[in-house]
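All remarks here apply to the structure that follows.
Computed from heavy atoms alone, side chains included, the values below leave out hydrogens, waters and symmetry copies.
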Amino acid sequence: MEKKAQLYEGKAKKLFETSDPDLVIQYFKDDATAFNAQKKGTIKDKGIVNNNMSARLFRLLEEESIPTHFVKQLSDREMLVKKLKILPVEVVVRNIIAGSLAKRLGIEEGIPAPFPIVEFYYKNDALGDPLVTEDHIRVLGLATAEQVRDIKNYSLRINDVLMKFFDERDILLVDFKLEFGMHNNDLLLGDEIAPDTCRLWDKKSLEKLDKDRFRRDLGKVEEAYQEVLKRVMK
Ligand code: TMP
Ligand code: ASP
């Protein structure tokens, strides 16, 4: 598939047009940001890890009848995907309390949630991606009630599939972020599923194997990404 003009450059990825107006190439960079881009850096070969891992997980989800934007992997850093109109809502699913929820509720990190917690965030850098309720989503017209219902159902099914997958690899899926978009009239999972967008802890040692190593300056960032990729591809 021929790569044409660049359509968009985000913090971690670039999108390119192709000769097919329905398809775009998603290119994964090594650039890393945190805290709404106040912290910036690079993680060597992160783009390769995130592309290969996302491709593996999108294939897994497709096998489980969850529709995604994934078409095929093109190279170490590129995948061909269906062009989406991304809904400006980020979905976070949490199995263990951590990160912003630990802070917001004053609960210690590492306490298991009694059931998977689903949260929505308004994708808006100027506002710092605030937490929003389903009513807020409707007030802002970010998604319809039907889209919100479908997003929630897909997200919980994705959580079931991914929890089992990571458990088999001795990894706890603590939480993760998803983005959905419309392709014609279909709601599809978009973006990526990788250590940038998930919290992944080693089941035995509880060692963090995700972007929190970068966010919190814990060291061994590259090593953690490579370890996750190795376990995901086994
Ligand atoms: P949080 O605890 O900081 O709200 O993060 C929840 C999950 O969402 C965690 O797995 C990391 C992921 N995440 C992103 O993918 N992008 C973001 O901008 C943020 C803040 C979190
Ligand atoms: N990628 C996000 C940013 O730079 C934040 C994060 O993942 O922590 O804002």
Side-chain angles (χ1 to χ4, degrees), residues 6-17 24-43 46-47 50 54 58 67-69 81-94 97-106 113 116-156 158-159 174-199 210-212 214-216:
Q6 183 173 308
L7 282 172
Y8 172 79
E9 177 160 8
K11 292 173 206 158
K13 297 188 288 297
K14 296 180 187 180
L15 288 181
F16 294 90
E17 281 182 333
V24 295
I25 291 171
Q26 182 160 256
Y27 175 95
F28 289 75
K29 306 193 287 183
D30 285 349
D31 298 346
T33 63
F35 316 118
N36 204 7
Q38 289 176 69
K39 182 182 173 86
K40 288 192 177 116
T42 56
I43 301 171
K46 170 170 86 76
N50 288 13
S54 293
F58 284 136
T68 80
H69 68 159
V81 297
K82 291 175 186 160
K83 190 172 182 179
L84 298 184
K85 266 184 85 94
I86 288 283
L87 299 170
V89 176
E90 296 188 350
V91 187
V92 170
V93 182
R94 303 180 187 267
I97 311 295
S100 68
L101 189 61
K103 247 191 206 146
R104 180 173 294 115
L105 301 187
I117 298 169
V118 180
E119 296 173 344
F120 301 104
Y121 291 84
Y122 176 20
K123 219 171 129 69
N124 182 318
D125 282 339
L127 296 177
D129 295 350
L131 180 74
V132 286
T133 67
E134 291 182 40
D135 280 351
H136 298 163
I137 291 173
R138 283 168 61 194
V139 167
L140 292 168
L142 307 181
T144 64
E146 189 194 4
Q147 285 169 328
V148 171
R149 184 196 65 203
D150 292 347
I151 285 173
K152 215 166 162 177
N153 287 337
Y154 280 140
S155 299
L156 289 169
I158 291 166
N159 185 46
V174 173
D175 57 33
F176 58 96
K177 185 263 296 180
L178 301 172
E179 296 187 28
F180 292 85
M182 300 305 293
H183 181 76
N184 304 319
N185 281 322
D186 298 326
L187 179 74
L188 305 181
L189 176 66
D191 195 46
E192 65 180 305
I193 309 174
D196 275 23
T197 58
C198 304
R199 282 196 176 92
D210 57 65
K211 196 176 166 189
D212 271 348
F214 168 80
R215 294 189 189 99
R216 303 179 187 187

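Rounded to the nearest 0.5 Å, atoms CD (Glu90) and CG (Leu178) are 10.0 Å apart. In this structure, Arg215 CZ and Asp212 CG are separated by 5.0 Å, a value rounded to the nearest 0.5 Å. Interatomic distance, CD1 of Ile117 versus CG of Leu105, reported as 7.5 Å (0.5 Å rounding). One distance of note links CG of Leu15 with OH of Tyr27; it measures 13.0 Å at 0.5 Å rounding. The distance from atom CZ of Phe214 to atom OG1 of Thr42, rounded to the nearest 0.5 Å, is 8.0 Å. Considering CG of Leu188 and CG of Leu84, their distance stands at 5.5 Å, rounded to 0.5 Å.
Qualifying side chain to side chain contact (heavy atoms under 4.5 Å, CB included) partners for Gln38, counting only residues two or more places apart in sequence or in other chains: Phe35. The side chain to side chain contact (heavy atoms under 4.5 Å, CB included) search around Asn185 returns none, not counting sequence neighbours. Listed by chain and residue number, His69 satisfy the ring pair (Phe, Tyr, Trp, His ring centres under 6.0 Å) test with Phe58 (two or more places apart in sequence, or in another chain).
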query = What do the steps show when you test Leu101 against Val92 for side-chain contact (heavy atoms from CB on, under 4.5 Å), and what is the final call?
reply = CA-CA 11 Å; Leu101 189 61; Val92 170; over 6 Å; no
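For residues 25-42, every residue pair satisfying the salt bridge (Lys or Arg N to Asp or Glu O under 4.0 Å) rule, not counting sequence neighbours, is listed here: Glu9-Lys29, Lys29-Asp31, Asp30-Arg77, Lys39-Asp217. Within the structure, every pair that satisfies the salt bridge (Lys or Arg N to Asp or Glu O under 4.0 Å) test and touches residues 181-192, not counting sequence neighbours, is listed here: Lys13-Asp191, Lys13-Glu192, Lys177-Asp191.
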Pairs under 3.5 angstrom only: tabulate donor-acceptor contacts from the side chains of residues 134-141 to other protein residues two or more places apart or in another chain.
| unit_1 | atom_1 | unit_2 | atom_2 | d |
| --- | --- | --- | --- | --- |
| Glu134 | OE2 | Lys152 | NZ | 2.7 |
| His136 | ND1 | Thr133 | N | 3.1 |
| His136 | ND1 | Thr133 | OG1 | 3.4 |

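Here Asp125 pairs with Lys11 in a salt bridge; the nearest charged N to carboxylate O distance falls below 4.0 Å. Of the charged side-chain nitrogens involved, none lies within less than 4.0 Å of a carboxylate oxygen, so that Arg199 and Asp210 do not count as a salt-bridged pair.
Two residues are said to be in side-chain contact when any heavy atoms from C-beta on lie closer than 4.5 Å; Leu187 and Met182 meet this criterion.
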